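For reference, the structure is listed below as structure tokens.
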Amino acid sequence: MQAINDFILAAAGQPWVLVLVFACCVIDGFFPPIPSESVVVGLAAVAATADVPNPVLLIATAAAGAFLGDNLAYLIGRGTGTRRWAWMRGPRMQGAFLWAGRELRKRPASLILVARFVPIGRVAVNLTAGATHYPRSRFMSLTVLSALLWASYSVGIGLFVGPWFEENHVLGAAIAIVCAIVLGIAVDFVISRLRGRIPEEPTPAVQPGEHPPPGT
């Protein structure tokens with residue numbers, strides 16, 4: 001265990017760690033299986049007691065990657081729609097796309113900000129925003145804020161939990177990741193309950209190149 005702790009400390013101080021964080025956050029913007037939260041929260045837990053990587057640099061790197069990933073997803077949605085690949089056509093993803101399309105017409109700003117904290121939710125919202133031609137300049141402005149909030153939140157969890165396990169960085173990172181997952185599930189649950197209170201509308205799935213209905 002001590003050898004693993006020493007390896008984590010050594011790796012956390014390397015410049016390539018921030019490159020890894022950036023890459024994970026970019027890919028996670030349009031491909032939900034990449035665990036960007038786990039990487040960011042785990043490193044922040046290490047930083048809480050080892051001072052590496054620098055928390056401010058970690059927030060900046062994660063926010064920059066999240067912003068780029070969200071906007072790449074927007075461009076993908078604008079060019080391909082929401083049914084191009086098999087993973088998009090599953091019932092859960094299609095349900096998320098339908099919900100995202102409705103909510104983008106009702107409350108786009110709050111949706112884009114909140115969805116960043118829910119892995120599948122943010123991918124659905126990003127792709128749907130592009131597919132429905134939500135104004136790009138407005139989307140970029142909102143994703144600047146959402147990326148900064150999400151990165152600060154993720155690093156904050158790690159910094160808060162990390163000092164509890166000062167002598168065991170592996171356990172500290174693991175517990176911090178679990179806390180982040182639990183909070184994410186809680187946010188997802190609240191959003192799902194709110195969705196359940198909103199009357200369903202017979203809105204078809206967004207097709208590639210489709211424009212939003214008049215007046216949206």
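Just so it is clear, the model here is predicted, and its values are computed rather than measured.
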| request: Compare all side-chain heavy atoms of Leu127 with those of Val123 and state whether any distance is below 4.5 angstrom. | output: yes
| task | List in chain and number order the residues that pass side-chain contact (heavy atoms from CB on, under 4.5 Å) with Ala66, two or more places apart in sequence or in another chain; answer none if no residue qualifies. | result | Arg116, Ala147, Trp150
| Which residue pairs satisfy the side chain to side chain donor-acceptor pair (under 3.5 Å) criterion with at least one member in residues 19-32, sequence neighbours excluded? | Asp28-Ser36, Asp28-Arg122
| Is Leu72 linked to Met140 within one hydrophobic cluster, defined over Ile, Leu, Val, Met, Phe, Trp and Tyr using a side-chain heavy-atom separation of less than 4.5 Å? | no
| Cation-pi geometry met for Arg136 and Tyr134 (6.0 Å, 45°) | no
| query | Of Val125, Thr143, Leu145, which meets side chain to side chain contact (heavy atoms under 4.5 Å, CB included) against Leu113? | reply | Leu145
| remark: For Pro108 and Leu142 the tightest heavy-atom approach is O-CD1, 4.4 Å
| task | Would you give the length of the straight line joining atom OG of Ser152 to atom CG of Leu159, rounded to the nearest 0.5 angstrom? | result | 10.0 Å
| message | Is any side-chain heavy atom of Arg107 closer than 4.5 Å to one of Ser110? | response | yes
| message | Show, in sequence, the C-alpha distance, side-chain angles and deciding distance for Asn126 and Phe30, and conclude whether the side-chain contact (heavy atoms from CB on, under 4.5 Å) test is met. | response | CA-CA 8 Å; Asn126 294 339; Phe30 54 86; over 6 Å; no
| query | Could you walk me through whether Phe22 and Val26 pass the side-chain contact (heavy atoms from CB on, under 4.5 Å) check? | reply | CA-CA 6 Å; Phe22 181 79; Val26 170; 3.8 Å; yes
| task | Report the C-alpha distance between Leu18 and Leu43 in whole Å, list the side-chain angles of each, state the deciding distance to 0.1 Å, and finish with yes or no for side-chain contact (heavy atoms from CB on, under 4.5 Å). | result | CA-CA 10 Å; Leu18 293 179; Leu43 284 173; 5.9 Å; no
| message | Looking at every non-hydrogen atom in both residues, tell me the closest pair between Thr128 and Ala124 and how far apart they are. | response | OG1-O, 2.6 Å
